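What follows is one structure encoded as structure tokens, with my remarks underneath.
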There are 2 protein chains.
Amino acid sequence: MNKYEIIANEMRNRIKNNVYPIDQPIPDEVSLAKEFNSSRMTMKRALDNLVAEGLLFRKRGHGTFIIQSAIQDDHVHVVSNEILGLTNLLKDKKIQSKVIQFEVQFPTEEVAAHLSIDQKTPVYYVVRLRIVEGEPYVLEKTYMPTHLIPGINDDVLHDSIYNHITNVLQLKIAGTHRKIRACKSDHIDQQHLGCKQDDPILEVEHVGFLDTGIPFEYSFSRHRHDKFVVTSVNIRR
Amino acid sequence: MNKYEIIANEMRNRIKNNVYPIDQPIPDEVSLAKEFNSSRMTMKRALDNLVAEGLLFRKRGHGTFIIQSAIQDDHVHVVSNEILGLTNLLKDKKIQSKVIQFEVQFPTEEVAAHLSIDQKTPVYYVVRLRIVEGEPYVLEKTYMPTHLIPGINDDVLHDSIYNHITNVLQLKIAGTHRKIRACKSDHIDQQHLGCKQDDPILEVEHVGFLDTGIPFEYSFSRHRHDKFVVTSVNIRR
DNA sequence: TAGTGGTCTAGACCACACC
DNA sequence: GTGTGGTCTAGACCACTAG
């Protein structure tokens, strides 16, 4: 654990436990740096993290303040935590996967473009229903270049593609680009997610890329509207 | 303009203009710092920004690489740019506002909690249809404590509440917390957004807070599903 | 082992807000 | 003016990767 993380954790606890008055600035950076026996840059970095979390706000020339509305609800960054795949995001829950479709295709122009490949490079097309604690949770449609992610089979699909990529193939996932939108549900959604005909879907379009910068996955995750919310925090700089 | 911003801009241009081979690491931080006549920390900070934008990725012990899929589409951070309100986000477009409802209420428990006030503190309740280039764009339902945001009237509502807050009241908006979800449209959505009965809605729940850390706005923005997408980029650290 | 990015330091000066 | 956060420096050491 780095020093700035240790300091950030301590400060987060203090703030949540009301050690600092909510309507006053917290102590200035120089004093805090002295208290934590760190340089001011390191102290600042710790506070930067809490600012990014939406817990603190800075007023240049004035001080660093607690965001009142942040203390009440414990908001979670779904967006930024979900890089690791569902199996790792919901570690404590029982997750099952039902494979609905699994084939090899030549990609459409759109899929090829998002994967940075040409249309003659074959891709896996996987449709899976992810079931969390016995409840249908999300329907995932995934395209992956076969040459990048070899060895996909039923065992992998029933477990976790992400674990296969990171543990078996020893590849490293670097990040994702996402688009979030609302859609009508189609009959496949209704059949597998158990939603009604007029229930909407929260769709997350997703490009995942490896630590080489190469995209390895282009997917559409279709969520029941009543079971999935994306949260985000934005602090002005 | 700060030095790290200048450097980031230059590097962004170089990357987008293919100055650096896409499958190779870009020059190392020490060399780049020397080239830009900066310290390594400042160089790193410039690159940090490009990493946050989803343009670059770092491999510790190896180098800094270009994310291939990032160069193709010019993805925009809707989430992080929208703090300033619709009028400022879509500056070049013609925006009209139709006031559908405007009253003063005692807040429900939920609204009071999100605004950090008690249920005896009156709030404005405003429902507005925002029309962009003549097309219905979003239906906004907004709660604001009357004592924090005084002087709301029809003129303000037809222009921009955000401009009233920042220019007239001279308050400073610090940031927002958001939740994004899909909903069914109700008859009010259908009537004003011109969507069909089975069209879904992309709803953004939103708490805005001032640079004092005090929440001033709790709102629900209901978007036509075919005209609004939220994008996000996530890079693992 | 050499080279890369990650962290941390101690100090400097600047920009801004309040008195 | 005084005190705050914002930026920047020059250098150090650590952690990781590749050959």
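So you know, we letter chains A, B, ... as the sequences are listed, proteins then strands, and number each from 1. As the structure is a prediction and not an experimental result, all values here were calculated from the model.
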Original post:
Looking at R58(B), does any N or O in its side chain come under 4.0 Å of the phosphate oxygens OP1/OP2 on dT4(C)?
Top reply: no
Original post:
Among the nucleotides dA10(D), dA18(D), dG5(D), which one has an atom lying closest to any side-chain atom of K59(B)?
Top reply: dA18(D)
**OP:** Whole angstrom is fine here: how far is it from CZ in F65(A) over to P in dC18(C)?
**Re:** 9 Å
Original post:
Using a cut-off of less than 4.0 Å, is there contact between a side-chain N or O of K3(A) and OP1 or OP2 of dT7(C)?
Top reply: no
Original post:
Toward the 5' end of DNA chain C, which comes first, N37(A) or G61(A), by nearest nucleotide?
Top reply: N37(A)
Subject >> Closest to side chain of Y4(A), choosing from dG5(D), dT7(C), dT9(D) >> reply: dT7(C)
**OP:** Let me know the distance between CE of M41(B) and P of dC13(D), rounded to the nearest Å.
**Re:** 16 Å
Original post:
What's the CE-P distance between M43(A) and dT7(C), to the nearest Å?
Top reply: 16 Å
**OP:** Kindly say if T64(A) contacts the phosphate of dT4(D), meaning a side-chain N or O under 4.0 Å from OP1 or OP2.
**Re:** no
Original post:
Distance check: side-chain N/O of T42(A) vs OP1/OP2 of dT9(C), anything under 4.0 Å?
Top reply: yes
Original post:
Can D28(B) and R40(B) be counted as an ion pair, charged N to O under 4.0 angstrom?
Top reply: no
Original post:
Want to settle it: does E5(A) or G63(B) sit nearer the 5' end of DNA chain C, counting the closest nucleotide to each?
Top reply: G63(B)
**OP:** Establish, from distance only, whether the side-chain atoms of Q105(A) and Y143(A) form a donor-acceptor pair under 3.5 Å.
**Re:** no
**OP:** Among the candidates dT4(C), dT9(C), dC16(C), find the nucleotide nearest to the side-chain atoms of R60(A).
**Re:** dC16(C)
Subject >> Interatomic distance where CZ belongs to R45(A) and C1' belongs to dC8(D) [whole Å] >> reply: 16 Å
**OP:** Select base, sugar-phosphate, or nothing to describe what D48(B) touches, counting heavy atoms under 4.0 Å on all strands.
**Re:** nothing
Original post:
Is there a donor-acceptor pair under 3.5 Å between the side chain of E205(A) and the backbone N or O of F220(A)?
Top reply: no
Original post:
Do other residues, nucleotides or ligands put more than 12 heavy atoms under 6.0 Å from the CD atom of E109(A)?
Top reply: no
Original post:
In whole angstroms, how far is the C1' atom of dG5(C) from the CG atom of L32(B)?
Top reply: 12 Å
Original post:
Between dC18(C), dG6(D), dG11(D), which nucleotide gets closest to the side-chain atoms of K44(A)?
Top reply: dG6(D)
Original post:
With no hydrogens and no angle check, do the side chains of E217(B) and Y162(B) hold a donor and an acceptor under 3.5 Å apart?
Top reply: yes
Original post:
Dot-bracket, DNA chain D: Watson-Crick or G-U, under 3.5 angstrom, [ ] crossing, | other strand?
Top reply: ||||||||||||||||||.
**OP:** Starting from P on dG6(D), measure out to CG on L56(A) and report it in whole angstrom.
**Re:** 11 Å
**OP:** With sequence neighbours left out, write down each residue that passes ring pair (Phe, Tyr, Trp, His ring centres under 6.0 Å) with F216(A), or none if nothing qualifies.
**Re:** none
**OP:** Kindly indicate whether the side chain of R40(B) and the base of dG6(C) share any N or O donor-acceptor pair separated by less than 3.5 Å?
**Re:** yes
Original post:
Taking the six-membered ring where the residue is Trp, are the ring centres of H206(B) and Y218(B) under 6.0 Å apart?
Top reply: no
**OP:** Find the distance K34(B):NZ to dC8(D):P and express it as a whole number of Å.
**Re:** 20 Å
